[in-house]
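Data first, discussion second: the structure below is written as structure tokens.
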2 protein chains.
Amino acid sequence: MTLAEENYLKAIYHLEQQFPKGVSTNALAEEMKTKASSATDMVKKLAEKDMLTHIPYQGATLSEAGRGYAVKVIRRHRLWEVFLVEKLNFSWDEVHEVAEHLEHINSDKLIDELDAFLEFPIYDPHGDPIPDKQGHFKHIEKIVLAKAEVGSTYKCVGVDDTSSKFLKYLDSNAIGLGTIMTIKHKEPFDNSIKIALEHSEMVVSQSVAKNLYLKKV
Amino acid sequence: MTLAEENYLKAIYHLEQQFPKGVSTNALAEEMKTKASSATDMVKKLAEKDMLTHIPYQGATLSEAGRGYAVKVIRRHRLWEVFLVEKLNFSWDEVHEVAEHLEHINSDKLIDELDAFLEFPIYDPHGDPIPDKQGHFKHIEKIVLAKAEVGSTYKCVGVDDTSSKFLKYLDSNAIGLGTIMTIKHKEPFDNSIKIALEHSEMVVSQSVAKNLYLKKV
DNA sequence: CTTATAATTTAGACAAAACTAAAAATATGT
DNA sequence: ACATATTTTTAGTTTTGTCTAAATTATAAG
Ligand SMILES: [Mn+2]
Ligand SMILES: [Mn+2]
Ligand SMILES: [Mn+2]
Ligand SMILES: [Mn+2]
């Protein structure tokens, strides 16, 4: 698999969560920040390699081989993110770009040893699960802040948006993985939510509330 | 710089040690395991980018910028090799191939933090010096085993050939960086050399003797 | 000095991965 | 149902880095 093919497989894998009955050319092109014609070309190439099935005009679906390969790339990406945060003093908003490159280095020994060196982490710095060598994910129970119940207390366990902007916003408000919060009030007018942290209270907008994952404590 | 350009710069840098008055197209093509016409094309491109000067039919010489870039890639390569050996249990014959890929990941923070994490190593697992952030090498005093004096005692400080075959040969004879040896006899007939290690004696061929670096103790 | 050989460059082609523009298929609205 | 809008595919280019084959320049020998 070339670098470009690996990136497409990963993109299709992520889009399949959202579109389980087939990933459209336009969605894929948007995810890859490229044009629809390029996406078509690559989908045809990956179909030729039996990484996916493609019905023209209907969308693409990963084969077992394609899904396995995508999961492998995701495993590498997330392990490197852990390494960068735990060992090289990167913050959670700095790791993604570098991990996008590291994830393409193809050496089983490298990844297995890295996994052991990091003591077999289960979650990456954004709370996303790291598949094991066999490609199995540890399922993580989580709800999005937007659907949390008023009066209940939760622990922050993940983020959906991993953009630097969003993560820095969270940093500046002392919200990170493990942060405990209680839902004080949901404002029906604009879907903003008032939350209580350990030493402060704050109101977060709907777009924040849709990108923070919580678990009841 | 693209991946291919970085590899060519590194190759030219290494060949300049051997051919200080200019690297020939054929030598470069051989080093890069490609054809002379491809080497010519790349040399012209690198000349266009002011990474080197090229007089047609006469050879290529790195510019300051080109040399600086080559040294940067070498620094990355050797730091990753240290990481693989020190932290991920790679042996010295396994690191080169993976480091060939890792060396192309371009992030100053990544390399500076890695350097600090490894506690600023000065030599890589093959005894080669690691340039610092400014591109300065620590000069290492060493002679090749083939030119060692009979009767003197030396410490092994490096290898020239870093092929897996050669390194595994050394492993199987308990020779590594730091190994102490005394030169017992030089055989004029085939230039083989009898050496005494801590607990054994052995005879090494000329091709081994030309690839082991020593320092008098 | 002329010729043979070797090294180097040029010309033309190809594969990968992208693009633009145009054609074809599908989906939508009345 | 049918015209229109949207999505997807096809056709034809482009760039990067490679190749083969042919032409050019340098080097060596007689
Ligand atoms: Mn990431
Ligand atoms: Mn992540
Ligand atoms: Mn190496
Ligand atoms: Mn080395």
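In what follows, every heavy atom counts, from backbone to side chain, and hydrogens, waters and symmetry copies are set aside. Every chain is numbered from 1 and lettered A, B, ... according to where its sequence line falls, protein lines coming before strand lines. The shown structure was predicted, so the numbers you read here are calculated from the model rather than taken from an experiment.
- With 3.5 Å as the limit, one finds a donor-acceptor pair spanning the side chains of A:D190 and A:S192.
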What are the atom names and distances for every N/O pair under 3.5 Å that joins the protein to nucleotides 5-8 of chain C?
{"residue": "C:dT8", "atom": "OP2", "partner": "B:N26", "partner atom": "N", "Å": "2.9"}
{"residue": "C:dT8", "atom": "O3'", "partner": "B:Y57", "partner atom": "N", "Å": "3.4"}

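- Remark: B:D93 CG to B:L167 CG distance equals 5.5 Å, nearest 0.5 Å.
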Under 3.5 Å, sequence neighbours excluded: what are the donor-acceptor pairs made by side chains of residues 62-69 of chain B?
{"residue": "B:S63", "atom": "OG", "partner": "B:D50", "partner atom": "O", "Å": "2.8"}
{"residue": "B:S63", "atom": "OG", "partner": "B:M51", "partner atom": "O", "Å": "3.0"}
{"residue": "B:S63", "atom": "OG", "partner": "B:A65", "partner atom": "N", "Å": "3.4"}
{"residue": "B:S63", "atom": "OG", "partner": "B:G66", "partner atom": "N", "Å": "3.0"}
{"residue": "B:E64", "atom": "OE2", "partner": "B:R67", "partner atom": "NH1", "Å": "3.3"}
{"residue": "B:R67", "atom": "NH2", "partner": "B:E16", "partner atom": "OE1", "Å": "3.2"}
{"residue": "B:Y69", "atom": "OH", "partner": "B:E6", "partner atom": "OE2", "Å": "3.0"}

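- Considering only residues two or more places apart in sequence or on other chains, A:D115 meets the salt bridge (Lys or Arg N to Asp or Glu O under 4.0 Å) condition with A:R75.
- Among pairs with a residue in residues 90-120 of chain B, those fulfilling ring-ring contact (aromatic ring centres under 6.0 Å, His included) read B:H77-B:H96, at least two apart in sequence or across chains.
- Regarding A:K44, its NZ atom lies at a distance of 10 Å from the C1' atom of D:dA11, rounded to whole Å.
- When all heavy atoms are compared, the tightest approach of B:N211 to B:D161 is OD1-N, 3.3 Å.
- Note on B:S38: a side-chain N or O is less than 4.0 Å away from OP1 or OP2 of D:dC19.
- One interatomic measurement links the two molecules: CE of B:M42 to P of D:dC19, which rounds to 11 Å at whole-angstrom precision.
- In this structure, the CD atom of A:E30 is 14 Å from the C1' atom of D:dT7, given to the nearest Å.
- The ring-ring contact (aromatic ring centres under 6.0 Å, His included) analysis of residues 3-45 of chain B, with sequence neighbours excluded, yields no pairs.
- For the pair A:D41 CG and D:dT10 P, the computed distance is 9 Å after rounding to whole Å.
- Put simply, B:K35 has no side-chain N or O that comes within less than 4.0 Å of OP1 or OP2 on D:dT18.
- Around the NZ atom of B:K87, the shell of radius 6.0 Å holds more than 12 heavy atoms that belong to other residues, nucleotides or ligands.
- The stretch residues 2-18 of chain A comes close to DNA chain C through A:T2, A:A4, A:Y8, each having a heavy atom under 4.0 Å from the strand.
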